[in-house]
Amino acid sequence: MTAAAGVLSVRRGTPADHAFLRTMLVEAAFWRPGIPRPEVDAALTRPDLAHLLADWGRAGDTAVIAECDAVPVGAAWYRLWTAEQHSYGFVDAATPELAIGVEPGARGRGVGTALLEALIECARQQKLRRLSLSVESDNPALRLYQRLGFRRHGQAEGAWTLVLPLGR
């Protein structure tokens, strides 16, 4: 697979990728062009973001990392939540919620597609029934999610919760 700037590859995430996942979480949360992104540590003090990668590496946590010429350019991950502690796209305790972040300069080059296809394959190998996510209705990534088979499950505050059945 190639990206405009070089060879694109996707690999499984490791505990050493935690700092990069934090950076990609900020990219995902502050995706709108023209809006300044805070520093990672400052952004992750927000209560709605602070817990999303806390204790990374617990059972079920799964990540994939996209690299262009061996430089990380994006990440996608999922984890299980409870009704008491979850993120925006929570469906139930058996459905992992995914997140994805891509460096602004790598967007529109197939990185998101490659990440999601790899993460979906991980979920199938783990025999998961479905995945969920939350996306704002005006986020261009919505088209990608729909193209990959995610369907609307619910709506809250201008965002859709989408679910991808994995066909078990």
Side-chain angles (χ1 to χ4, degrees), residues 1-58 61-81 85-90 96-123 131-148 150 156-162 164:
M1 189 178 307
T2 63
V7 177
L8 179 68
S9 61
V10 178
R11 63 172 174 78
R12 281 293 294 264
T14 70
D17 293 309
H18 186 255
F20 185 66
L21 292 178
R22 288 169 42 90
T23 300
M24 291 299 95
L25 175 56
V26 173
E27 286 299 331
F30 297 92
W31 63 268
R32 292 182 187 282
I35 295 183
R37 285 170 184 72
E39 294 295 323
V40 171
D41 289 338
L44 297 182
T45 62
R46 278 182 30 182
D48 62 326
L49 299 178
H51 73 285
L52 296 181
L53 290 171
D55 302 320
W56 180 259
R58 64 189 192 199
D61 289 353
T62 301
V64 292
I65 308 296
E67 297 177 329
C68 188
D69 294 335
V71 175
V73 295
W77 61 95
Y78 58 72
R79 63 189 331 195
L80 292 165
W81 296 103
Q85 183 180 23
H86 57 80
S87 186
Y88 297 106
F90 179 76
E97 184 178 346
L98 76 82
I100 181 171
V102 176
E103 294 281 356
R107 293 178 186 158
R109 298 180 180 176
V111 174
T113 299
L115 283 166
L116 289 176
E117 287 175 346
L119 195 62
I120 291 165
E121 181 57 29
C122 290
L131 294 171
S132 70
L133 62 83
S134 177
V135 60
E136 292 173 271
S137 59
D138 61 339
N139 187 326
L142 176 59
R143 290 187 305 276
L144 166 63
Y145 304 141
Q146 291 172 325
R147 183 170 45 85
L148 292 176
F150 285 86
E157 301 177 23
W160 285 100
T161 297
L162 304 180
L164 175 69

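All residue numbers in this chain count up from 1 along the given sequence.
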Side chains of [X] and [Y]: does their closest heavy-atom pair fall under 4.5 Å?
X	Y	result
Val64	Cys122	yes
Met24	Ile65	no
Thr113	Arg147	yes

Exercise. Hey, mind stepping through Leu8 and Val73 against side-chain contact (heavy atoms from CB on, under 4.5 Å) and telling me if it holds?
Worked result: CA-CA 9 Å; Leu8 179 68; Val73 295; 4.2 Å; yes
Counterpart residues, salt bridge (Lys or Arg N to Asp or Glu O under 4.0 Å), relative to [X] (two or more places apart):
X	result
Asp55	none
Glu121	none
Asp61	Arg58, Arg79
Glu67	Arg11

If we ignore hydrogens and angles and just use 3.5 Å, is the side chain of [X] paired with the main-chain N or O of [Y] as donor and acceptor?
X	Y	value
Arg107	Val102	yes
Tyr145	Val135	no
Glu97	Gly89	yes
His18	Gly57	no

Distance in Å, [X] [atom1] paired with [Y] [atom2], rounded so as to fall on 0.5 Å steps:
X	Y	atom1	atom2	result
Leu162	Ser134	CG	OG	7.5 Å
Glu103	Phe20	CD	CZ	5.5 Å
Trp77	Leu115	CH2	CG	9.5 Å

For this session: Mind checking side-chain contact (heavy atoms from CB on, under 4.5 Å) for Gln85 and listing every partner two or more places apart, or none if nothing turns up?
Result: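 His51, Trp81, Thr82.
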Problem set entry | side-chain contact (heavy atoms from CB on, under 4.5 Å) partners for Leu44, two or more places apart | Arg22, Leu25, Val26, Val40, Leu49
Problem set entry | CA sep, side-chain torsions, deciding dist, call: Leu98, Ile120, side-chain contact (heavy atoms from CB on, under 4.5 Å) | CA-CA 10 Å; Leu98 76 82; Ile120 291 165; 5.7 Å; no
Show the nearest heavy-atom pair for residues [X] and [Y], with the distance to one decimal.
X	Y	value
Tyr78	Leu131	CD2-CD2, 3.8 Å
Ala118	Val10	CB-CG1, 3.6 Å
Leu21	Ala75	CD2-CB, 3.6 Å
Pro36	Gly34	CD-O, 3.7 Å

Problem set entry | Asp41 vs Glu39, side-chain contact (heavy atoms from CB on, under 4.5 Å): CA-CA, chis, key distance, verdict | CA-CA 6 Å; Asp41 289 338; Glu39 294 295 323; 5.6 Å; no
Problem set entry | Derivation of the side-chain contact (heavy atoms from CB on, under 4.5 Å) call for Leu148 and Glu117 | CA-CA 8 Å; Leu148 292 176; Glu117 287 175 346; 4.1 Å; yes
Exercise. Per the side chain to side chain donor-acceptor pair (under 3.5 Å) rule, which among Trp160, Tyr88, Trp31 passes with Glu136?
Worked result: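 Per the side chain to side chain donor-acceptor pair (under 3.5 Å) rule, the option paired with Glu136 is Trp31, out of Trp160, Tyr88, Trp31.
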